[in-house]
Number of protein chains: 2
Amino acid sequence: MIAAFYQNKDKHYVAVDCIIMGFRDNELHILIAKRPFEPLLGGWSLMGGFVNEFESINDAAKRVLDEFTGIEDIYMEQVGAFGDVNRDLVRVISIAYYALVDIEKFDTSLAEKYDARWAKITQLPELIFDHSLMVKNTLNLLQRRAAVKPIGFNLLQEQFTLPTLQSLYESIYQEAIDKRNFRKKILAMDILEKLDEKDKSSSRKGAFYYRFIKEKYDQLIQQGLHFSI
Amino acid sequence: MIAAFYQNKDKHYVAVDCIIMGFRDNELHILIAKRPFEPLLGGWSLMGGFVNEFESINDAAKRVLDEFTGIEDIYMEQVGAFGDVNRDLVRVISIAYYALVDIEKFDTSLAEKYDARWAKITQLPELIFDHSLMVKNTLNLLQRRAAVKPIGFNLLQEQFTLPTLQSLYESIYQEAIDKRNFRKKILAMDILEKLDEKDKSSSRKGAFYYRFIKEKYDQLIQQGLHFSI
DNA sequence: AGTTACAAGTGTAAATTAAACACTTGTTTT
DNA sequence: AAAACAAGTGTTTAATTTACACTTGTAACT
């Protein structure tokens, strides 16, 4: 009876495609790879994989993320399902996830293995299928999310300077931010801890390191206040 | 060669589930139906259907919307893919879409045919599978969208009063809005046209009807301004 | 005809938030 | 000792949001 109901329904290939984002040289980057098989062999593509029979789509995304970055416990969020593309010969319904990773933790040996590279989001090549659209939607979503949730820190190492943090947000919003206003706002939330060390790699004076303190953020929320940059 | 690559991949049942929203009696309503087949026969569910082999997922959603409402050209937007539910016996990946309809255009004969009814969003029964989660995510998405896009008008008839429009937004945001501030804001955008007729169904004085003028909205956008309520 | 009931309709002031803006500091290099 | 240079710092103005209470128009009732 049950089997009978499903029996005449079509089944589909379902893939996950991951928009893996990293931050380097004051710019957002996305991990892309040369596609190793047909159709569109050699085209630039996002990192993806097929969903297995008894696997949740979230688990599939996690598996793919781990496979291509060597990092577990990655911050990720679904972007949406894409299925209107007329892929050659076979139609695949693809569910896109974006992920924010600390690019320093990235296992670079995997880049060789998969012929992958980090491309600046402002200078992405044309991607296959609807992958360019996925990236566009992701940036949109990220801009809205990063404005109200402290997810940007996932793109940084544990310690970071305020100039770096600011340039991260500038890269996400793709617009300049006033230095004084930015500092005022982020520090007013009292969710960062200032450290004693300085990063002297980009100035003689050096910039103090800060850390994001999750507990302080939770406290902020508990007080009915909100993160906002 | 190509076939060989896909050959060993699993295929999945893919459905669309539609959160069909209407506005009535100053409250958002959602169309739900008693499920007519196993598993979970008799449980309250969203309106859904399976995606056909050569159909885009958007088209599948449109088809389902038309089937259950009798309305074509419905405003709809994807909410996301849901696939982590352990559905009895068979796993189905479902892509949720929300739709905003003028409840007056709804073909009520379909309600009988499908054993469907409009339920207040504040008083929804427990829904099957992850449908309750879909509704929750939809309300979230709708709150963010309705704040910056003039999509709320899809829930109203062509002519509507400002008190009605306000109560629509109150129902979407689930919070009271100050009457004067609301009117100030919506009228300042100059996207509505005031008509000469009044609606006297809810007061002796009567409230003037207004119409949303898409051309005026386009003009607003062209000026670099934004819709915002 | 006058009164009542009642939602529709209207404006201003205060508070908050966002935006604009330029100089000083600390450290290394020359 | 001077130069170079990014890090760091406050205040003022503008814009936006919030709070708040009375008048108006019409139908129903007496």
Side-chain angles (χ1 to χ4, degrees), chain A residues 25-27 143-144 146-148 156 159-211 220 223-229, chain B residues 25-27 143-144 146-148 156 159-211 220 223-229:
Chain A
D25 304 332
N26 292 334
E27 275 213 65
Q143 286 171 345
R144 282 179 287 118
V148 298
L156 303 175
Q159 302 188 5
F160 50 83
T161 67
L162 292 188
T164 298
L165 186 63
Q166 178 178 343
S167 92
L168 169 61
Y169 277 97
E170 289 177 328
S171 182
I172 291 174
Y173 299 146
Q174 312 227 242
E175 67 180 29
I177 302 174
D178 181 89
K179 188 165 49 160
R180 283 162 290 188
N181 293 338
F182 177 80
R183 286 169 164 262
K184 217 185 310 169
K185 213 166 176 182
I186 191 88
L187 291 176
M189 285 188 274
D190 191 29
I191 56 175
L192 301 185
E193 179 184 37
K194 185 179 183 176
L195 306 181
D196 294 329
E197 303 137 74
K198 279 182 166 182
D199 168 25
K200 298 208 172 164
S201 65
S202 62
S203 81
R204 293 184 176 146
K205 183 178 181 180
F208 282 104
Y209 280 117
Y210 286 77
R211 284 196 314 137
L220 183 83
Q223 290 165 21
L225 302 175
H226 295 286
F227 179 92
S228 167
I229 284 292
Chain B
D25 305 331
N26 292 333
E27 274 214 63
Q143 286 171 345
R144 280 179 288 119
V148 298
L156 303 175
Q159 301 188 6
F160 50 85
T161 68
L162 292 188
T164 299
L165 186 63
Q166 179 178 341
S167 92
L168 168 62
Y169 278 97
E170 288 176 331
S171 183
I172 291 174
Y173 299 145
Q174 313 228 244
E175 65 180 30
I177 303 174
D178 180 89
K179 188 163 50 160
R180 285 162 290 187
N181 293 338
F182 178 79
R183 286 169 165 262
K184 215 185 314 170
K185 212 163 174 182
I186 190 91
L187 292 177
M189 283 188 273
D190 191 30
I191 56 175
L192 301 185
E193 180 184 36
K194 186 179 183 177
L195 306 180
D196 293 328
E197 304 138 73
K198 278 182 167 184
D199 168 25
K200 298 210 173 165
S201 65
S202 62
S203 81
R204 296 186 174 141
K205 183 177 181 179
F208 282 103
Y209 279 116
Y210 286 78
R211 285 195 314 137
L220 183 84
Q223 289 165 22
L225 302 176
H226 295 286
F227 179 91
S228 167
I229 284 291

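Order of the sequence lines fixes the chain letters, A, B, ..., with proteins taken first and strands second; residue numbering starts at 1 for each chain. Quick caveat, the model's predicted, so the values are computed rather than measured.
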Name the pairs: protein N/O against N/O of nucleotides 12-18 of chain C, kept only if under 3.5 Å.
residue : atom : partner   : partner atom : Å
dT12(C) : O4   : Lys184(B) : NZ           : 2.9

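Across the interface with DNA chain D, nearest-nucleotide mapping of Gly206(B) and Asp178(A) shows Asp178(A) to be the residue nearer the 5′ end.
Of all non-hydrogen atoms in Tyr173(A) and Gln143(A), the two that sit nearest each other are CE2-O, 3.5 Å. Across Leu165(B) and Phe160(B), no two heavy atoms sit closer than the pair CD2-CE1, 4.1 Å. Between Leu162(A) and Arg183(A), the closest heavy-atom pair is CD1-NH1, 3.6 Å. When all heavy atoms of Leu195(B) and Phe208(B) are compared, the closest pair comes out as O-CD2, 3.5 Å.
Atom CG in Asp199(B) sits roughly 13 Å away from atom C1' in dT26(D) (whole-Å rounding). Protein atom CG of Leu165(B) is 15 Å distant from nucleotide atom C1' of dA8(C), rounded to whole Å. To the nearest angstrom, C1' of dC22(D) lies 10 Å from NZ of Lys179(B). One atom, CZ of Arg183(A), and another, C1' of dA6(D), lie 10 Å apart when rounded to the nearest Å. In this entry the distance linking NZ of Lys198(A) with C1' of dT28(C) reads 12 Å, nearest Å. When rounded to the nearest whole Å, the span between NE2 of His226(B) and C1' of dA15(D) equals 15 Å. One interatomic measurement links the two molecules: CG of Leu162(A) to C1' of dT9(D), which rounds to 12 Å at whole-angstrom precision. Spacing between atom CD1 of Ile186(A) and atom P of dT9(D) amounts to 15 Å, rounded to whole angstrom units.
Put simply, CG on Asn26(B) and CG on Leu168(B) are 9.5 Å apart, with the number rounded to the nearest 0.5 Å.
Evaluation of the salt bridge (Lys or Arg N to Asp or Glu O under 4.0 Å) test over residues 187-200 of chain A, restricted to residues two or more places apart or in two chains, returns Asp190(A)-Lys216(A), Glu193(A)-Arg211(A).
Taking 4.0 angstrom as the limit, Arg180(A) places none of its side-chain polar atoms (N or O) nearer than this to OP1 or OP2 of dC21(C).
For Ser203(A), taking side-chain heavy atoms from C-beta onward, the closest of the listed nucleotides dG25(D), dA6(D), dA8(C) is dA6(D).
Backbone-only engagement by Lys200(A) is indicated by non-hydrogen atom pairs under 4.0 Å involving sugar-phosphate atoms exclusively.
Side-chain contact between Gln166(B) and Ile186(B): absent, with no pair of heavy atoms (C-beta onward) separated by less than 4.5 Å.
Judged by distance alone, with hydrogens and angles left aside, Lys205(A) brings no side-chain donor or acceptor close enough to the base of dG8(D) to form a pair under 3.5 Å.
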